[in-house]
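Quantities reported herein were computed from a predicted structural model and do not represent experimental measurements. Chain letters run A, B, ... following the sequence lines, proteins first, then strands; residues in each count from 1.
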Protein chains: 2
Amino acid sequence: MRSEDLPVIGQLPLFADMDEEHFADLMRAAYLQTFPPQVDLISEGDRADFLYVVVEGCVELYARSNGREATMSLVRPVSTFILAAVLKDVRYLMSGRTTEKSRILLIPSEDIRRAFRQDDAFARAIVVELASRYRAVVRDHKNQKLRTGVERLANRLLVIERDQGGKGRLTLPYDKRTLASLLGMTPENLSRAFNTLKPYGVEVSGSEIRLTKAGDLRGLAKPNELIDDDTDGPVG
Amino acid sequence: MRSEDLPVIGQLPLFADMDEEHFADLMRAAYLQTFPPQVDLISEGDRADFLYVVVEGCVELYARSNGREATMSLVRPVSTFILAAVLKDVRYLMSGRTTEKSRILLIPSEDIRRAFRQDDAFARAIVVELASRYRAVVRDHKNQKLRTGVERLANRLLVIERDQGGKGRLTLPYDKRTLASLLGMTPENLSRAFNTLKPYGVEVSGSEIRLTKAGDLRGLAKPNELIDDDTDGPVG
DNA sequence: CGACGATTTGAATAGGATCAATGGGAGTGG
DNA sequence: CCACTCCCATTGATCCTATTCAAATCGTCG
C-alpha cells in the first residue's frame with residue numbers, strides 16, 4: 001500500500017472518524033492493487049475474505065443462475081462493495097469484475113470485523129455506508145421495475161448531462177456495452193433505444209451525445225428524484 | 001403500548017443487547033397499533049417519521065412512478081422496514097400498506113437516532129439488521145432478473161413446502177393476489193404459471209397445493225441457495 | 001491493408017402485461 | 001336453506017417490450 005494513497009482513503013466517510021490507531025491497523029493489513037479490465041475479483045458463493053473499495057476505475061457486480069447472467073450494479077469511486085457479506089461473515093451473493101483499469105483496495109474481512117467490534121465511530125460509519133448502499137439498490141430496483149428500457153436510457157442521459165455541466169451535451173463515461181448492462185438491457189436493445197430517442201433530440205456520434213430538445217426528452221423521461229437523485233440530501 | 005408485548009419486542013435481535021434504560025426510553029415513545037388490511041402506513045417521498053416493526057400480519061412495500069406501481073417486497077413478522085431512511089433522516093423510497101390485519105410497532109425516528117448515538121450495542125445490532133435487509137433485497141433482485149415467472153413460482157412453492165414440513169403439500173400463506181405481486185407478476189400471469197406447472201405435479205385447489213412430482217418440479221426450478229435460502233448461516 | 005471487437009440492423013420469438021369476459025366460492029339477507 | 005352479491009381467480013385474445021440469433025457495418029489498431 002503506497003503511503004501517498006493513505007490520506008485519500010482516510011478521508012472516506014467510512015474511515016474518517018475512526019481512531020487513528022485502528023485505522024493504521026486496517027491499512028497495514030490492506031492491499032491496494034491495480035487491475036486490468038475484465039478481471040474477476042470475486043465470485044458469488046465464495047466466502048467473504050475481503051472488503052473491497054473502488055478507488056479508481058469501475059467494478060461491475062453481477063450474478064448468475066441457470067445459464068443466465070444479470071448485471072446488478074456498477075460501482076464507481078469511491079465506494080465499497082459487498083460490505084454486508086463481510087460484516088455477516090457469509091458468502092458473497094454477487095460476483096464482481098473490473099470493467100476498466102481500476103485501483104482497488106482490499107481489506108481482509110476479519111480486520112474489518114475486528115475494527116467494527118472495537119471502534120464505535122467505525123461501527124456507526126458502517127451503518128451510514130450500509131444504509132446508502134441499501135437505498136441505492138432500492139433505487140435500482142425501482143428504476144428497473146417502473147420504467148421501460150427507453151425511459152431508463154432517457155433518464156440516465158439526463159443525469160449524465162447534468163453531472164457534466166448541463167450544457168446540452170455529454171460524453172458517455174463507459175462503453176455502450178457497459179451502459180447497456182447498467183440499464184438492464186442488451187446492447188442490441190440499447191442501440192434501438194437510442195434510435196427511439198432520436199425524435200426527442202438525442203444525437204449520438206460514438207460516445208459523444210447532444211441533447212437538442214432537453215424539454216421533450218424530459219417529458220418522455222419523467223425524472224423522479226426518488227429514483228434518479230442519489231444525493232439523499234436533507235429533507236427539503 | 002401494552003406491557004405484555006414488551007418482552008416479545010425486547011427479544012428481537014435488534015433490541016436484545018440494548019441497555020435496559022435505553023430500551024425503556026424507546027418503548028415509552030413507541031406505539032403498538034393494530035391495523036385492518038389495505039391500510040396505507042407510509043408513502044414514498046414522506047420524511048421518515050417512524051421506524052416500523054411488523055409484529056403480526058404482513059406489510060407490502062411498493063413504489064410508484066408514472067402511472068405504474070410495483071411491489072418491492074413483503075415484510076413478515078418479525079422484521080423492521082424503512083430502517084435506512086430513518087437512520088439517514090431522509091425521505092422514504094417506498095410506500096407501505098398492510099395486506100392483512102396487522103400489529104405494527106411505530107417508533108419515532110428521532111428516538112431511534114438518539115438510541116443509535118447513545119447505545120453502542122444498538123448501533124451494532126442495527127448494522128446486522130441493515131446488512132440482512134440489504135442481502136434480502138439483493139436476493140429479490142436476483143430472483144427477479146435471473147428467473148422467469150414460472151421458475152419463480154416453482155421455487156417459491158418448494159420453499160413454502162419445505163417450511164411447512166416437506167410433506168409434499170402446502171397451504172399458501174397469502175392469497176394469490178398477494179403471491180402474484182410478491183413474485184413480481186400479475187394475478188393473470190400467476191394463474192397461467194400454475195397451469196404451466198401442472199405437468200410437473202403441481203395440483204392446486206384453492207390455497208391447498210400438492211406437489212406430486214417434487215423431483216420434476218425441482219428439475220424445472222433449479223433452486224439456488226444464494227437466492228432462495230434466507231438463512232445466511234455460517235459458511236461451510 | 002487486414003483483423004478484430006464493438007455497434008448496429010433485421011427478423012423471429014418469448015415472456016409478460018393489458019383488457020375484457022366468465023366462472024366460482026364465501027358471506028349476507030331473505 | 002336458498003338466492004344474491006361481491007370479490008377473487010381464471011380464461012381468452014391481443015399488444016408490447018425485450019431477448020435471441022444472424023448478418024452487416026463501423027472503427028481502431030497493429
Side-chain angles (χ1 to χ4, degrees), chain A residues 36-38 60 62 64-71 99-100 143-157 171-198 202-209 220-221, chain B residues 36-38 58 60 62-71 99-101 143-157 171-198 202-209 220-222:
Chain A
Q38 301 301 327
E60 176 187 8
Y62 65 98
R64 276 192 242 267
S65 189
N66 300 339
R68 281 157 278 193
E69 179 179 310
T71 297
T99 66
E100 54 188 75
N143 194 32
Q144 187 69 34
K145 293 194 81 167
L146 292 168
R147 287 173 170 162
T148 67
V150 170
E151 290 168 340
R152 293 197 295 278
L153 174 58
N155 280 291
R156 177 65 48 163
L157 292 178
T171 306
L172 294 178
Y174 7 65
D175 61 20
K176 286 178 181 158
R177 172 186 199 67
T178 303
L179 176 61
S181 64
L182 171 64
L183 294 175
M185 57 175 91
T186 58
E188 294 97 318
N189 224 336
L190 174 62
S191 195
R192 291 178 181 116
F194 270 121
N195 277 331
T196 306
L197 291 181
K198 206 170 285 177
V202 176
E203 299 177 4
V204 182
S205 79
S207 62
E208 299 300 316
I209 297 179
L220 171 76
Chain B
Q38 302 301 328
C58 183
E60 176 187 9
Y62 65 98
R64 277 190 242 265
S65 189
N66 299 340
R68 281 157 278 194
E69 178 178 310
T71 297
T99 66
E100 54 187 77
K101 190 178 174 214
N143 193 33
Q144 188 68 34
K145 293 194 83 168
L146 293 168
R147 287 175 171 160
T148 66
V150 170
E151 290 169 338
R152 293 198 295 278
L153 174 58
N155 279 291
R156 177 65 50 168
L157 292 178
T171 305
L172 294 178
Y174 8 66
D175 61 22
K176 285 178 182 158
R177 173 187 198 68
T178 304
L179 176 61
S181 64
L182 171 64
L183 294 175
M185 57 174 90
T186 57
E188 294 96 320
N189 226 332
L190 175 62
S191 198
R192 290 176 183 115
F194 271 121
N195 278 330
T196 307
L197 291 180
K198 207 169 282 177
V202 176
E203 299 177 3
V204 182
S205 79
S207 63
E208 299 298 318
I209 297 179
L220 170 77
K222 297 191 186 59

OP1 or OP2 of dA18(D) less than 4.0 angstrom from a side-chain nitrogen or oxygen of Thr186(A), does that happen here? no
If every non-hydrogen atom of Ala221(A) is compared with every non-hydrogen atom of Asn155(A), which pair is closest and at what distance? O-ND2, 3.0 Å
For DNA chain D, which residues in residues 187-197 of chain A have a heavy atom at a distance below 4.0 Å? Glu188(A), Asn189(A), Arg192(A)
Atom CG of Leu179(B) and atom P of dC8(D): how far apart are they, to the nearest Å? 15 Å
Atom OH of Tyr174(A) and atom P of dA6(C): how far apart are they, to the nearest Å? 18 Å
Could you state the CZ-P distance from Arg177(B) to dC6(D), rounded to the nearest angstrom? 17 Å
For atom CE of Met185(A) and atom P of dC16(D), their distance in whole Å: 19 Å
Atom-to-atom span, NZ of Lys176(B) to P of dT11(D) - whole angstrom: 10 Å
Spacing between Leu172(A) atom CG and dA6(C) atom C1', to the nearest angstrom: 14 Å
Side chain of Arg152(A), backbone of Leu183(A): donor and acceptor closer than 3.5 Å? yes
Take the protein atom CZ of Arg68(A) and the nucleotide atom P of dA14(C), then report the distance between them rounded to whole Å. 14 Å
Thinking salt bridges, do Arg68(B) and Glu151(A) make one under a 4.0 Å N-O criterion? yes
Residues Glu208(A) and Thr171(A): side-chain donor-acceptor under 3.5 angstrom: yes
A cation-pi test, strictly: NZ or CZ of Lys145(B) under 6.0 Å from the centre of the six-membered ring of Tyr62(A) and no more than 45 degrees from its axis. Yes or no? no
Whole angstroms only, please: what is the CG-P distance between Asn66(B) and dT17(D)? 13 Å
Is any side-chain heavy atom of Ser181(A) closer than 4.5 Å to a side-chain heavy atom of Glu60(A)? yes
